Amino acid sequence: MPAFVIPSVEGRTDHAPVLDQAMTWGSILPAVWSFMLAARNRGLGTVWTTAHAPLEKELAAALGVPHDEVMLAALVPLAFTLGTEFRPAPRIDRREVLHWDRW
């Protein structure tokens, strides 16, 4: 069954200094990216969206999340993919893109 995953983080960055914003997003983004990679490894499709952002306050209320204390960071649809074309992405051999002591 398809689902929406809504990663959230305590605190808000609405009017926060840049450093606080960077630290908050630098914490949640890698966690969600890891989740998305794990989902792909299990044949599930995901995508990071901010489609909820214009209605974040209303969505938080519908979910019973205290909007003033918790930020809904993303809206990630999660579902099995259709068809047979979903497979690991092609990778370039690392020797073609990684170089040491080369200017």
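Because the structure is a prediction, the values reported are computed rather than measured. Below, all heavy atoms of this structure are taken into account, side chains as well, without hydrogens, waters or symmetry copies.
- Side chain of His52 to main chain of Leu72: a donor-acceptor pair is present (N/O by atom type, distance under 3.5 Å, no hydrogens or angles).
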Listing, residues 39-49 side-chain donor-acceptor contacts under 3.5 Å, not counting sequence neighbours, or none:
residue: Arg40; atom: NH2; partner: Arg87; partner atom: O; Å: 2.5
residue: Arg42; atom: NH1; partner: Ala38; partner atom: O; Å: 3.0
residue: Thr49; atom: OG1; partner: Leu75; partner atom: O; Å: 2.5

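- A search for side-chain contact (heavy atoms from CB on, under 4.5 Å) contacts involving Leu19 returns Met23, not counting sequence neighbours.
- Under a 4.5 Å side-chain heavy-atom criterion applied to ILVMFWY residues, the cluster that includes Val18 comprises that residue alone.
- No chain of hydrophobic side-chain contacts below 4.5 Å, direct or via other Ile, Leu, Val, Met, Phe, Trp or Tyr residues, connects Met36 to Ile6.
- The environment of CG in Leu37 is crowded: more than 12 heavy-atom neighbours from other residues, nucleotides or ligands sit within 6.0 Å.
- For the pair Pro7 and Ala74, the tightest heavy-atom approach, listed with the atom from each and the gap, is CD-O, 3.4 Å.
- Pro66 is linked by a side-chain contact (heavy atoms from CB on, under 4.5 Å) to Glu69, Val70, counting only residues two or more places apart in sequence or in another chain.
- The cluster map of Ile, Leu, Val, Met, Phe, Trp and Tyr, joined by side-chain heavy atoms under 4.5 Å apart, puts Val65 and Met71 in different clusters.
- Applying the side-chain hydrogen bond (donor to acceptor under 3.5 Å, both in side chains) test to residues at least two apart or on different chains, none of the pairs has a partner in residues 17-31.
- Under the rule for a salt bridge (Lys or Arg N to Asp or Glu O under 4.0 Å), Arg91 has no partner lying at least two apart in sequence or in another chain.
- Tracing side-chain contacts under 4.5 Å through hydrophobic residues (I, L, V, M, F, W, Y), one reaches Val76 starting from Phe80; they form part of the same cluster.
- Screening residues 53-65 for side-chain hydrogen bond (donor to acceptor under 3.5 Å, both in side chains), with sequence neighbours left out, gives Arg12-Glu56.
- Distance CZ/Phe4 to CG/Leu59: 10.0 Å, rounded to 0.5 Å.
- Scanning for side-chain hydrogen bond (donor to acceptor under 3.5 Å, both in side chains) contacts around Arg95 gives Asp93, with sequence neighbours left out.
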